Amino acid sequence: MIIAIDGPAASGKSTAAKQIAQHLNMLYIDTGAMYRGVALNAFEQNVAFDNLLAMGILLENIKLDFKTADGVEQIYLNGKNVTTKIRSQEITKLSSEIATIKIVRAKMVELQRTLSKNHHDVILEGRDIGTVVFPNADVKFFLVASIEERAKRRLVELVKKGVTTDFEQVKSDLLWRDKNDSMRVESPLLKAEDAVEIDTTHLTLDAQVKKMMKIIQKKTFSSR
Ligand code: DC
């Protein structure tokens, strides 16, 4: 079974996906973390995003691995744990920029399909899972939430991590990323026609997961 979850940043994808993966014993793939990994790699190696030759070499050699330590997903870039590093504000912005490049997307889609191949049940979250990576996914969700709510959620996360920022800054960063991720030519953020849209603005995480689980059970039951 493949479950695809797409939606803008801070719409509630990751936390719900992790919980559903646990409930149903599925492999969880955070595809955003992969784009973040590529951005970090290019940043650290000083590869200009418009240098497609250098970018191609970087992509040929990149190794991205997911591991779980104490129930928490960890991402490794070329053997190094970069779980925290890829979440910086700088890499967040760069990940959205690097995700507009065609060869980067092609490589990530290939990796995502390969990672999924060896597992029976997989849940993936990102921007193009239901439209491009797995257009035949068994269940597709498209999560949305108001910009105010999303900014509030992201601000809480950042403050917890000790980042100094404020609501307006977080909101404007999210709006910039929404626009960049939705307006790009290559696989823009888009709701798949057959995706179930859920507005998580007024839902607790618990209520959201329950709602999603119900839909999964209904969809998988009716397809048997
Ligand atoms: O989900 P996230 O916020 O960690 O993703 C970081 C960036 O990666 C996001 O702004 C756009 C890009 N991305 C993408 O283009 N396609 C995906 N499937 C996942 C993420």
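Atoms within a ligand are numbered from 1 in the order they appear, just like the ligands themselves. Small disclaimer: the values here were computed from a predicted structure and weren't measured. One is the number of the first residue; the rest follow in order along the sequence.
Side-chain contact, Thr15 with Arg153: no donor N or O sits under 3.5 Å from an acceptor N or O. Between the side chains of Thr92 and Arg36, at least one donor N or O sits under 3.5 Å from an acceptor N or O.
By the side chain to side chain contact (heavy atoms under 4.5 Å, CB included) test, Asp128 pairs with Tyr35, Arg105, Val109, Thr131, Val132, Val133, Ser187, sequence neighbours left out. For Asp206, the salt bridge (Lys or Arg N to Asp or Glu O under 4.0 Å) criterion is met by Lys210, not counting sequence neighbours.
If you run side-chain hydrogen bond (donor to acceptor under 3.5 Å, both in side chains) between Ser96 and each of Asp173, Asp178, Asn180, only Asn180 comes through.
Through chains of ILVMFWY side-chain contacts below 4.5 Å, Ile5 is grouped with Met1, Ile3, Ile20, Leu24, Met26, Tyr28, Ile123, Val139, Phe141, Leu143, Val196, Ile198, Leu203, Leu205, Val209, Met212, Met213, Ile215, Ile216.
Residues lining ligand 1 at a heavy-atom distance below 4.0 Å are given as Thr31, Gly32, Tyr35, Arg36, Arg87, Ser95, Ser96, Ala99, Arg105, Gly126, Arg127, Asp128, Arg177, Asp181, Arg184, ordered by chain and residue number.
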